Trainee: 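Shown below is the structure under consideration.
Keep in mind that what you see is a predicted model, and the values were worked out from it rather than measured. Below, chain A is the first sequence line, B the second, and so on; all start at residue 1.
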Amino acid sequence: MTFENKNNLPERLLQPYSPSATESVIYKIWEDSGFFNPDICVEKGITKPDAKPFTIMMPPPNVTGVLHMGHALMVTLEDIMIRFKRMQGYKTLWLPGTDHAAIATQSKVEGEIKKKEGLSRHDLGREELLRRVNEFAQNSHDTIVSQVKVLGASCDWSREAFTMDEKRNLAVRTMFKKMYDDGLIYRGHRIVNWDPKGQTTISDDEIVYEERKSVLYTFKYSKDFPISISTTRPETKVGDVAVAVHPDDTRYQHYVGQTFEIADFCGVPLTIKIIADDSVEKDFGTGALGVTPAHSMIDWTIADRHNLPRPQVINEYAKMTVGDERILNKKTTEAREVVVAWLRDQGLLDGEQETNQNIATAERTGGIVEPLPKLQWFIDVNKEIPDRGKTLKQIMREPVEQGSIKILPDYFNKTYFHWIDNLKDWCISRQIWYGHRIPVWYKGEEIYCGTEAPTDAGWAQDEDTLDTWFSSGLWTFSTLGWPEKTNDLEIYHPTDVLETGYEILFFWVARMILMTGYALETVPFKTIYLHGTVRDGQGRKMSKSLGNGIDPLDIAQKFGSDAGRMALVVGTAPGTDSKIDENKIKAYSKFANKIWNATRFVLDNVADLNMNEPIEFDTEDQTSHDELTSLIKEITIEMEEYKFYIVSEKLYHYFWHTFADVIIERSKKKISDPASSSDKTSAQWLIYTQLITLMKLLHPFMPFVTEEVWSMIPQQSETSGKKLLIIESWPI
RNA sequence: GCGCUCUUAGCUCAGUUGGUAGAGCAACUCAUUUACACUGAGAAGGUCGGGGGUUCAAGUCCCUCAGGGCGCACCA
């Protein structure tokens, strides 16, 4: 025995528990041990060489700043899974990384430069802007890594990856070429979502709809025109080529097929054909739709069906490109007023009606999205893949449908299928500079796609970069060395769990399934654990503008990361939002202290226990021992079912209200005033063995305090050697 | 409009294939030179959103209504 009386207890154990003094020291010990790295665990004989692998790829946080509580929840849940599996003897890999987050990062840096120096990206030029962005990204990266460490993440830093480092860039180029060669990537002149503020295209999923009041104007193009139409955007009407009505609409049927010439619509001559199309709703407005092919998604498809021309009247800066001095080069909003005034003046305006409109804005810049026809790169989700007999859509759908990928909670299956059913071709080119450059080169009419630039002279590379989700889509395997055939890829892929927020199910999760199914003909992961949003005590989203955010670093400083982790996990079922405030965290910092105090009691009271004697319990202690054994069985199953919200609560409850309140209390009399000597040793064995078991069970949840306590518990057998708790075996 | 989800104690939430309602926090009463500066014991608190149905049995399954939250599409 190491301790013979209270004076022999470690000095720090005589004080209340201090997480801030403990946690950084413990993390350093883990890092130095190398046990985050599965190869080292095998080398040192901790993990069997033929052990089953268990892999999680950390969703790479954007290098746009610092981590918030959502990240803290992600790190906590994944660390719980990884520590649990490591203790169970799996060859456990948790691979960390960061995401360049193309548009998000560039717009952030651009914004800062504009604010501080009044310069735009065009003032700086491509090279200088990229230098600035990279510098910012590096700083963000360093902050993020240190935050992840503070949270206690037992991830393998030796394998850390970045979505835009050399290896990942090769993976991106390789994938692009493969898809290009298979005809799945094409370049087309199509209507896209244009963000005039960010000066780039964005995907459908990057649009956020905001409800605003707006005016629905009803008018005729000219006095002679027979049909009134309604619009909230009169200025776009200078680009109209048709009026569409429903085929069954008796009011207008007799006009279908006729063409009208309008000599002057606010300075622009129009040719309007009356057409019938099913997409028109009879009951909306006048039941007649002015068709503006170049500036409306739905009108573009109508123009497709009716073979209409598509004159562009708005440019990339949301300014008018036609008309006379009244509207030419004016912003759309100014031109709107001009056109409305003109209509009123001409007596063409039939009515104005206030209406709610969902206006499309760009998620990252807040700019109002302008549909524009542009030449862009797309991924065709409906084309059959050569020799595979299926489309990318099917590749995304099948594994979830057939159960080779399980989503937790399962009701997200429906959301997922619904999204796939509505999915259109994915526009992957972006007119920003920070990102993976499209591996396509042009020379006159010639196009070349390859992983490397063509060697002969005269080729110019496409100026555009790729949507950030293109590279994140490769994350589970690009991190393991693909396209090289590496050992890591062989061992650790498919990964086991993808743990992430439900808000990026479509952005990211679906795209990983697409990319992996296409390139590797397998799934990227077997289980998707979706966590909800972490909200403040009143249920509001944490945001900068509300100032209600909680910084995980502050929590670690004030209460300890263990307490923060417990507060995040207890009662937080997958898929549901959770509320967190300081009171909840404080409750679990008390718990850490409770563990600490109980440890002091146990170590102080087992000092004279002869550890070489066999363990013997009396009847009541045996019952307590058996109860813990059945608790272990129960929670092991629940851990495997990802019910961490239940396990954490059960352990908290057992430790405090059974181990401390019942077992330790009972042991006091049996140790200080025993009826017999066997009474005393039974009580001593019970508190000693239960403390050991409970530290193991609690370790995935509260790794720091349990590891620290572990370091102070004398070992039963000195020959087995003292191991770190992180690599101890999960109790059975 | 299409779809998902929630409504259980004052608050936050569990409740696994149907089998007599559970935790944490808060509040209440009492104890306390105690391993505990962050303590213990006890009691209290719910006709499980409303209505209907299936069943021997419904918080749980079905229908319906009401109110929150969310996703998608559209709003010309």
Trainee: Taking only the P atom of each, what is the distance from B:C6 to B:A44 in whole angstrom?
Mentor: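 Those two atoms are separated by 32 Å.
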Trainee: Tell me if the NZ atom of A:Lys586 is crowded by more than 12 foreign heavy atoms within 6.0 Å.
Mentor: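 No.
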Trainee: Just call it for A:Gly571: base, sugar-phosphate, or nothing, with non-hydrogen atoms closer than 4.0 Å on any strand.
Mentor: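 Touches sugar-phosphate only.
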Trainee: If you look at every strand shown and take non-hydrogen atoms under 4.0 Å, does A:Glu641 touch a base, only sugar-phosphate, or nothing?
Mentor: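 No contact.
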Trainee: Identify whether any heavy atom of A:His295 sits under 4.0 Å from a base atom; if not, whether one sits that close to sugar-phosphate; answer base, sugar-phosphate or nothing.
Mentor: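 Touches nothing.
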Trainee: Angle between ring planes, A:Trp596 versus A:Tyr17, binned at 30° and 60°: parallel, tilted or perpendicular?
Mentor: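 Ring orientation, 0 to 90° scale: tilted.
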Trainee: Roughly how many Å apart are B:G49 and B:G59, using the P atom of each and rounding to a whole number?
Mentor: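 Roughly 10 Å separates the two P atoms.
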Trainee: Specify the separation, in whole Å, of atom NZ of A:Lys584 and atom P of B:C11.
Mentor: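 Distance check: A:Lys584 NZ to B:C11 P gives 16 Å.
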Trainee: Hunt down any stem RNA chain B takes part in, defined as 3 or more consecutive Watson-Crick or G-U pairs whose two distances are each under 3.5 Å.
Mentor: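 Consecutive-pair runs (3 or more) involving RNA chain B: B:1-7 with B:66-72, B:10-13 with B:22-25, B:28-31 with B:39-42, B:49-53 with B:61-65.
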Trainee: Please determine whether side chain to side chain donor-acceptor pair (under 3.5 Å) holds for the pair A:Glu370 and A:His295, giving the CA-CA distance in whole Å, both sets of side-chain angles, and the decisive distance to 0.1 Å.
Mentor: CA-CA 7 Å; A:Glu370 194 69 60; A:His295 302 288; 4.7 Å; no
Trainee: Within the 4.0 Å heavy-atom criterion, would you say A:Thr232 contacts the bases, only the backbone, or no part of the nucleic acid?
Mentor: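 Contact class for A:Thr232: sugar-phosphate only.
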Trainee: Run the numbers on A:Gln684 and A:Thr681 for side chain to side chain donor-acceptor pair (under 3.5 Å), then give the verdict.
Mentor: CA-CA 5 Å; A:Gln684 286 179 315; A:Thr681 50; 5.8 Å; no
Trainee: Within the side chain of A:Asp562, is there an N or O that forms a donor-acceptor pair under 3.5 Å with the backbone of A:Phe704?
Mentor: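 Yes, because the side chain of A:Asp562 sits within donor-acceptor range (under 3.5 Å) of the backbone of A:Phe704.
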Trainee: How would nucleotides 67-72 of chain B be written as a contact map, 5' to 3', with B for base contact, S for sugar-phosphate-only contact and - for no contact, using protein heavy atoms under 4.0 Å?
Mentor: ----BS
Trainee: Using a 4.0 Å heavy-atom cut-off, does A:Ile229 contact any base of the nucleic acid, only the sugar-phosphate backbone, or nothing at all?
Mentor: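 Result for A:Ile229 = nothing.
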